[in-house]
Every structure is written in C-alpha cells, then in structure tokens.
Amino acid sequence: MSENTIPSSLPLRNDLIGEEPYGAPQLDVPVCLNVNENPYPPNPDVIDTIVERVREIAPTLNRYPDREHIKLRQAFSDYLAKESGARLDISQLWGANGSNEIMLQLFQAFGGPGRTALSCDPTYSMYPEYARDTFTGWKVVHRNADFTLDVDRTIEAINDIKPSMVLLTSPNNPTGTPLPLEDTERLLAACEQADVAGAVPGVHPILVIDEAYVEFRNSGTPSAVTLINKHENLAVSRTMSKAFAYAGARVGYLAASKGIIDSVRIVRMPYHLSAVTQAVALAAFEHTDEQLSRVAHLREVRDQTAAWLKRQTYKGVPLEVADSESNFLLFGGHFDNRERIFQELLDRGILIRVVGPDGWLRVCMGTDDEMARFREALAEVLRIVEAQ
Ligand SMILES: Cc1ncc(COP(=O)(O)O)c(C=O)c1O
C-alpha cells in the first residue's frame with residue numbers, strides 16, 4: 001500500500017495529521033515469520049465444520065446477529081474452564097473482532113480525556129494507538145534489562161500517575177516474558193488501593209492483562225483468569241488468533257468481572273460480531289483439541305530455536321535471546337544495524353520483524369521447514385557480516 005495521501009482540505013483530527021496506519025508489512029514472501037501467527041492451517045475436519053456451520057446460518061443473514069453472542073460466550077466459558085481451570089459465568093465473558101477490538105473497547109469505556117493508561121515497555125505497539133484514538137494519556141515504566149517487570153516501580157507509578165487503566169501483557173510481546181501470578185496479585189492489590197486522577201474517591205484503576213499468547217506458556221503456570229472471581233477490577237484479554245490458529249477469523253475475548261463486561265457493552269458497536277464470525281468461532285470450538293494440537297510442538301521449536309540462536313555469533317559475540325513463553329523469540333541484543341539483518345533475510349525470502357529495543361529482532365515460530373529455512377538464511381547472513 002502506498003503512503004497516505006490525505007488532502008489538507010479534509011478536517012482530519014489535528015492529532016492524526018501525519019499519522020500512518022499501523023501494521024506489520026504484509027509481503028508476498030515464501031516464509032512469513034513476522035506477525036506471530038500459528039503457521040499450521042485448520043485441518044480438513046475443522047474446515048468441513050466451518051463450512052457446515054456457516055451454511056446453517058446463511059438463511060438467517062437477513063436478520064441481525066445475536067448481539068450478546070450468548071452461545072459463543074458459553075463456548076469461551078467452557079474453553080477457559082478446560083484450559084485454565086477457571087469457571088466463569090457468561091456474564092463475565094465478552095467477544096469481539098480480535099483482541100484488538102477488545103482492547104479498544106476497554107479504552108473507550110475506561111480511558112478518555114483526562115484519563116491515563118499505564119503500561120511497561122517494551123510492549124505491544126498497538127496500545128499507544130488505542131490511547132491516541134480515545135484521547136487517553138499514555139505512560140510507561142521501563143522493564144528490567146531482562147524484560148521482566150519492575151513491579152516496585154510499576155506500583156510507584158500507579159500511585160503517582162493514578163491511571164484509570166494499567167495494561168500488561170503476559171507473555172509480553174515482543175519479548176515473550178511471562179508475568180508471574182504473584183506479581184499480578186501485587187499489582188492488583190496496588191490498583192485496588194490507588195485513586196484514579198480526576199475521579200471521585202473510591203474509584204480505582206482496572207488492571208488489564210493481555211494474554212494473547214498465554215497458551216504457549218510453560219505448563220503449570222496459572223493464567224490471570226484464575227483471579228477474576230476474586231477481583232472486580234481485573235480484566236484478562238484473550239484471542240483465538242495465536243495458539244488457536246484462527247487469526248483470519250478475527251475473534252478475541254475478554255474475561256472479567258460482570259461490571260467490566262457491562263461497561264464494555266455500553267461502548268460496543270451494535271451487532272459488532274457478525275453471525276458469520278460467531279458461527280465460524282463456534283465451529284472451531286467443536287475442534288478445540290485439533291486447533292491447539294500444534295502448540296506443544298511450537299513450544300519445542302521455540303526452545304530449540306532459542307538454543308540454536310544462542311550458539312550463533314554477531315561480530316564475534318554470541319546472540320542474546322530473551323526468555324520466551326510465547327511463540328516468538330526476541331534475539332540479537334547487539335545488532336548495530338538490525339535493519340540490515342532484516343533486509344538480508346528478506347532478500348532470502350524470510351520475513352521477520354524489526355520491533356522492540358534497538359539491537360533486537362523478533363522471529364515467530366513457523367513450520368519445521370520454515371524454521372530450517374530461517375536458520376539457514378540467518379547463519380548465512382551472520383557469516384557474511386562476520387567476513388566483512
Ligand atoms: C500482545 C497482543 N495482543 C493482542 C494482539 C491482537 O490480536 P488479535 O488478532 O486478537 O486482534 C496481538 C497481535 O499480535 C498481540 O501481540
């Protein structure tokens with residue numbers, strides 16, 4: 001796509017002038033490892049169910065869909081009970097077009113002029129855009145050198161800034177760092193005591209944990225979903241895009257107290273989830289095990305790739321790899337020209353992502369063949385740099 005050409009005669013909001021639409025490059029290359037997708041397509045059984053379920057609802061497409069998407073919320077509840085051991089009522093669940101839309105709805109309901117959202121960087125680069133779009137202030141605390149959260153400084157910032165939303169990602173993107181449940185509990189306790197700037201006393205920040213990649217966590221690590229029944233100011237955002245291998249279906253969901261869900265219901269677009277989306281999502285939940293069947297393998301690939309990367313050198317120094325419980329790895333640490341490495345890989349048909357702190361690159365786990373091609377290409381690029 002070409003750059004924006006918006007005539008200055010159009011009354012675009014002042015704060016949007018000069019802005020570009022956000023998004024990773026969508027390039028037609030043989031190996032795409034840049035947007036943290038699941039590389040494995042739905043299997044033929046799932047595809048048959050998708051087609052069947054869409055055919056079933058097709059005669060109803062003259063009608064608006066169930067705007068409360070009750071069946072789908074029940075499916076989220078059943079899935080979370082199985083996946084995280086937490087049984088939530090459908091009044092504690094909510095779906096949207098990707099967790100991107102969930103997050104925007106949270107900003108619409110809890111952000112706004114005079115309000116601030118607090119996060120810990122490096123983190124997912126869309127969050128500041130939601131803040132901008134909803135006129136919400138945006139503040140960050142820096143993570144530790146190993147990308148773990150500096151919980152003490154984050155709590156200090158909660159007390160100083162008095163945000164209305166604290167937004168944390170676990171496992172974090174682009175670093176893969178998980179947030180231990182004890183830290184989530186400490187942050188929740190801080191939020192439950194803190195004030196919100198501009199709000200009456202007794203109003204406290206919500207803590208949003210974005211668990212887009214949580215199914216890739218190491219086994220035995222509890223999800224923040226298990227804390228929802230005890231904390232009315234906790235919201236956990238989830239998605240079917242990653243482990244569930246359903247990025248194209250655009251389905252994300254929110255698990256939270258009924259109060260948070262009801263707040264989001266105020267700002268949602270009427271009928272925001274199409275009948276087709278609901279049917280397609282429900283079809284996948286008929287095949288949960290198949291959809292998730294590659295997760296364990298992708299975790300192994302991640303660990304093997306991390307070990308391999310650590311054996312490679314750039315200008316004589318071994319590559320660093322951030323500890324990841326996700327389906328991607330942030331690696332390098334001392335690339336003094338990361339754009340060049342990115343471009344050399346792209347020239348060899350491998351698309352990864354220039355993201356995160358300077359000196360680092362992010363690669364998402366692909367199929368075994370794609371990872372072999374990635375390793376071969378990166379080894380060659382590193383050899384060329386070494387020889388110069
Ligand atoms: C941390 C994080 N949250 C949310 C999303 C958005 O996912 P979805 O496809 O559900 O909108 C992404 C996508 O890359 C992500 O990295």
Side-chain angles (χ1 to χ4, degrees), residues 21-26 32-39 69 72 76 79-80 93-108 117 119-131 133 140 143 147 149 165-179 184 207-217 223-225 235-256 264 268-269 272-274 277-278 280-281 284-285 291 298 302 322 324-330 351-356 362-366:
Y22 170 87
Q26 287 194 305
C32 278
L33 304 173
N34 68 330
V35 284
N36 302 340
E37 295 154 330
N38 190 320
H69 51 285
L72 188 54
F76 296 144
Y79 173 67
L80 287 181
L93 291 156
W94 179 253
N97 294 285
S99 55
N100 279 146
E101 189 181 29
I102 291 288
M103 212 53 85
L104 181 61
Q105 291 176 340
L106 285 167
F107 270 80
Q108 287 173 321
S119 190
C120 294
D121 74 348
T123 195
Y124 184 39
S125 35
M126 266 310 286
Y127 301 146
E129 313 243 336
Y130 307 131
D133 293 348
V140 288
R143 286 172 174 265
F147 303 124
L149 209 71
M165 308 169 67
V166 179
L167 182 46
L168 300 170
T169 318
S170 180
N172 186 40
N173 178 9
T175 63
T177 324
L179 180 66
T184 306
L207 176 64
V208 183
I209 308 286
D210 180 346
E211 290 194 339
Y213 301 94
V214 78
E215 288 96 340
F216 294 104
R217 70 193 181 280
S223 152
V225 162
V236 181
S237 157
R238 291 276 193 124
T239 183
M240 294 178 81
S241 294
K242 308 296 179 178
F244 222 91
Y246 231 38
R250 308 306 302 127
V251 184
Y253 53 104
L254 178 66
V264 162
R268 59 109 180 91
M269 298 279 281
H272 66 295
L273 262 189
S274 83
T277 303
Q278 294 184 41
V280 167
F285 279 124
Q291 287 297 96
L298 287 167
R302 172 196 70 205
S324 171
E325 290 201 21
S326 197
N327 66 335
F328 52 80
L329 291 165
L330 193 70
L351 178 62
I352 63 164
R353 189 90 190 262
V354 178
V355 68
R362 191 191 68 194
V363 63
C364 159
M365 297 308 106

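Ligands are counted one by one from 1 in listed order, and the atoms in each one are counted from 1 as well.
Look at Glu215 and Arg238 and you find a salt bridge, because one of the NZ, NE, NH1 or NH2 atoms lies within 4.0 Å of a carboxylate O, short of that distance.
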Chi angles and distances behind the side-chain hydrogen bond (donor to acceptor under 3.5 Å, both in side chains) call for Thr175, Thr177
CA-CA 5 Å; Thr175 63; Thr177 324; 2.6 Å; yes

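Annotation: side chain of Thr239 is not in contact with side chain of Tyr246 (no heavy-atom distance under 4.5 Å). Residues Gln105 and Met269 are not in side-chain contact: their nearest non-hydrogen atoms beyond the backbone lie 4.5 Å or more apart. Contact annotation: the side chain of Leu207 approaches that of Thr184 to within less than 4.5 Å [non-hydrogen atoms, C-beta and beyond].
Close approach of ligand 1 to Thr169 is summarised as follows: ligand atoms under 4.0 Å from at least one heavy atom of the residue are 1 (C). Applying the 4.0 Å criterion to heavy atoms of Asn100 picks out, from ligand 1, the atoms 6 (C), 11 (O). Atoms of ligand 1 found under 4.0 Å from any heavy atom of Asn173 (numbered from 1 in listed order, with element): 1 (C), 15 (C), 16 (O). Listed by number with element, the atoms of ligand 1 under 4.0 angstrom from any heavy atom of Asp210 are 1 (C), 2 (C), 3 (N), 4 (C). Heavy-atom contacts of Ser241 reach the following atoms of ligand 1: 8 (P), 9 (O), 10 (O) (cutoff under 4.0 Å).
Looking at Arg250 next to ligand 1, an N or O pair under 3.5 Å apart turns up. Residue-to-ligand polar distances keep Asn97 apart from ligand 1: every N/O pair is separated by 3.5 Å or more.
When all heavy atoms of Ala247 and Glu37 are compared, the closest pair comes out as CB-CG, 4.4 Å. Listed here is the closest heavy atom pair of Tyr127 and Asp210: OH-OD2, 2.6 Å.
Gly252 does not count as a contact of ligand 1, since none of its heavy atoms falls under 4.0 Å from the ligand. A heavy-atom separation below 4.0 Å is not found between Asn36 and ligand 1. At least one heavy atom of Lys242 sits under 4.0 Å from some atom of ligand 1.
Judged by a 6.0 Å distance limit and a 45° cone about the ring axis, Arg362 is positioned over the six-membered ring of Phe328.
For atom 4 (C) of ligand 1, the closest non-hydrogen atom of the protein is Ser99 OG, 3.3 Å.
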